There are 2 protein chains.
Amino acid sequence: MKPIEEKERYTLSKIVSDNLRQYIIEKKLKTGEKLPAERELAKMMEVSRVMIREALRSLESTGIIVIRHGEGAFVNTNDSSVILNHLLYFWKLNNDKMNELLELRHVLEKAAIEQIILSAKVDHLKELENIIDRMKETSDTKKFQEYDIEFHSCLIKATENDLFAQLTDIIAEYFSSISHSQMDQAERNKTVNEHQLIVEAVKQKNKQLALQILKEHLEYSKKYILIK
Amino acid sequence: MKPIEEKERYTLSKIVSDNLRQYIIEKKLKTGEKLPAERELAKMMEVSRVMIREALRSLESTGIIVIRHGEGAFVNTNDSSVILNHLLYFWKLNNDKMNELLELRHVLEKAAIEQIILSAKVDHLKELENIIDRMKETSDTKKFQEYDIEFHSCLIKATENDLFAQLTDIIAEYFSSISHSQMDQAERNKTVNEHQLIVEAVKQKNKQLALQILKEHLEYSKKYILIK
DNA sequence: CTGCCTAAGTGGTAAGGCCATCGTTCCTTT
DNA sequence: AAAGGAACGATGGCCTTACCACTTAGGCAG
């Protein structure tokens, strides 16, 4: 499948970038820890600052570090959302099938609902109801959509699976980036109502019902997005 | 240059890199096509060559382009192996994410089984049985593991969702890359047996049972991987 | 103590130069 | 004429110097 790239990867910046990866592993740097300054790294590795910078850019674009102007470069080894985003970009470039994204979202949320019913934690339910209340109160469409995303995001948190959460976030972000259509009051009421029904069903531990409503809910927003 | 910032995407090199991505999309550049020379891009975008280079490095490390010394930068929109490698690196960095991967695999396969039972297509079942037969016959451990992957891959195909299939492939590749342990005959028999039970349950449209066996099956391979 | 302000540290950007590599052209040699 | 090789131009690789922009912390004035 992959012929082990025997291509010459001699270029200094790549070597430096690999060295930095190694450095992070060896020093066991965890998320949040700071890397030495560019000028310092340049001295350490005996290369110009330019090379250090190109290497850092490389690491940054794969999400291994984040660079903050005036502060420094910080390790980030447990949030793979940056790279997942690039993966999404690739996937979009080749086979842009929104359906499949929505299906992924669907199975993830199904898993979340099952998890909540199983674990019987009330925390998430409380938070979900909280969000629903806020949705009812706001009249700002933008805020409303934010709450909507927050609701589904909160749902996913129940799985306690960061990967699921990141995937969901990316998908949500993607769709909110391509759809700028406005919801009228009726649509908003419908959304709130469905959210509420889901929470109710979950509370009663009625898995069948909860999943059924979820399906309809997502089916609806699917149409909504595709029509756009 | 138009800094359409909303967050802190101030940095020129990021803007340039985004512009280049946009450039590739707008010009509909396909794999293999060449980008303008660095010095030329610098003039076009009215920035220094340093910025262009940093942006190119960025794109290169996400696999969107490949840079060849003395030749130029070439678009690469269908080979995502580079970015997959980074993703694998990420997961290897924190093994505790393995669980999350296995869970993702689980929900995807659950979806597949439900789909097969619903659609009642016999093609997939035939193919699955075919693979099982081959698993029984082979004595080569390596082949056996390949068939194992093929089985699960074939299962996913039932969803007719390329995204699901790709995700599954990625996960499978990850685990086969970190686990080189050998299976003894008993373990292999168990694996084959479980596969068979799953197919049987699906044939009888017994969703509950099929999902239950799948769960145990994955639970088992999970232990198997973690012990390693 | 509060608040402003400066200075040091750090990343961001620029300009210019030279080296290394690849492809092409064209000339030499056989 | 064909094969080989030398030269050139285009392009990426790398370095140096210099300066700008942002952030934080520490000192000074109120």
Side-chain angles (χ1 to χ4, degrees), chain A residues 5-21 23-24 27 29 31-76 82, chain B residues 1-21 23-24 27 29 31-76 82:
Chain A
E5 44 194 275
E6 62 287 337
K7 291 276 185 177
E8 14 185 318
R9 41 200 331 270
Y10 286 136
T11 67
L12 235 192
S13 70
K14 281 182 191 170
I15 295 175
V16 170
S17 124
D18 284 344
N19 284 156
L20 284 175
R21 272 197 199 80
Y23 179 89
I24 292 174
K27 294 263 183 180
L29 297 187
T31 297
E33 293 197 61
K34 187 173 169 302
L35 253 51
E38 292 180 353
R39 292 169 175 83
E40 201 170 332
L41 285 172
K43 272 186 186 165
M44 283 169 52
M45 302 198 177
E46 295 179 306
V47 297
S48 76
R49 210 182 132 208
V50 180
M51 291 301 99
I52 297 291
R53 284 182 58 75
E54 286 188 9
L56 288 178
R57 281 268 166 265
S58 245
L59 298 188
E60 190 192 26
S61 72
T62 60
I64 295 175
I65 63 172
V66 294
I67 302 176
R68 287 202 286 270
H69 192 172
E71 296 183 65
F74 300 84
V75 176
N76 184 338
V82 172
Chain B
M1 238 28 20
K2 47 193 87 167
I4 316 167
E5 42 72 57
E6 40 192 341
K7 295 188 180 178
E8 310 174 17
R9 343 190 52 232
Y10 281 96
T11 67
L12 237 190
S13 68
K14 280 184 191 168
I15 297 174
V16 170
S17 131
D18 284 344
N19 285 154
L20 283 176
R21 269 199 202 80
Y23 179 89
I24 291 173
K27 293 261 182 179
L29 297 188
T31 296
E33 293 198 60
K34 187 172 169 304
L35 254 52
E38 292 180 354
R39 293 170 174 83
E40 203 171 329
L41 285 172
K43 269 185 188 165
M44 283 169 52
M45 302 197 177
E46 295 178 303
V47 299
S48 76
R49 207 181 136 208
V50 181
M51 293 300 100
I52 297 290
R53 283 183 59 77
E54 286 188 9
L56 289 177
R57 282 270 167 261
S58 208
L59 298 187
E60 189 190 27
S61 72
T62 61
I64 296 176
I65 64 173
V66 293
I67 302 176
R68 287 202 287 269
H69 192 173
E71 297 183 63
F74 301 84
V75 177
N76 181 339
V82 174

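Naming convention: chains lettered A, B, ... in sequence-line order (proteins, then strands); numbering from 1 in each chain. For clarity, every value in this text was computed on a predicted model and none was experimentally measured.
- Legend: residues meeting salt bridge (Lys or Arg N to Asp or Glu O under 4.0 Å) with B:Glu71, ordered by chain and number and at least two apart, are B:Arg68.
- Following rounding to the nearest Å, A:Ile15 (CD1) and D:dG13 (C1') show an atom-to-atom distance of 12 Å.
- With sequence neighbours excluded, no residue forms a side-chain hydrogen bond (donor to acceptor under 3.5 Å, both in side chains) with B:Thr62.
- The only member of A:Val82, A:Leu20, A:Asn76, A:Ile24 that meets side chain to side chain contact (heavy atoms under 4.5 Å, CB included) when paired with A:Ile64 is A:Ile24.
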Might you list the N or O atoms of the protein lying below 3.5 Å from N or O atoms in nucleotides 10-13 of chain C, with each pair's distance?
from   : atom 1 : to      : atom 2 : distance (Å)
C:dG11 : OP2    : A:Glu38 : N      : 2.8
C:dG11 : N7     : A:Arg39 : NH1    : 3.0
C:dG11 : O6     : A:Arg39 : NH2    : 3.1
C:dG11 : N3     : A:His69 : NE2    : 3.4
C:dG12 : OP2    : A:Arg53 : NH1    : 2.7
C:dG12 : OP2    : A:Arg53 : NH2    : 3.3
C:dG12 : N7     : A:Arg49 : NH2    : 2.8
C:dG12 : O6     : A:Arg49 : NH1    : 3.2
C:dT13 : OP1    : B:Leu12 : N      : 2.2

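- Considering only residues two or more places apart in sequence or on other chains, B:Ser58 meets the side-chain hydrogen bond (donor to acceptor under 3.5 Å, both in side chains) condition with none of them.
- With sequence neighbours left out, A:Val50 forms a side chain to side chain contact (heavy atoms under 4.5 Å, CB included) with A:Ser48, A:Glu54.
- Each end of the helix from C:dC1-D:dG30 to C:dT30-D:dA1 gets its own rotation axis from five pairs of C1' atoms, and the angle between them is 10° to the nearest 10 degrees.
- In this view, B:Ser61 and A:Ser61 satisfy the side-chain hydrogen bond (donor to acceptor under 3.5 Å, both in side chains) rule, not counting sequence neighbours.
- Scanning for side chain to side chain contact (heavy atoms under 4.5 Å, CB included) contacts around B:Lys27 gives B:Tyr23, B:Leu29, with sequence neighbours left out.
- Pairs engaging residues 40-51 of chain A under the salt bridge (Lys or Arg N to Asp or Glu O under 4.0 Å) rule: A:Glu38-A:Arg49 [sequence neighbours left out].
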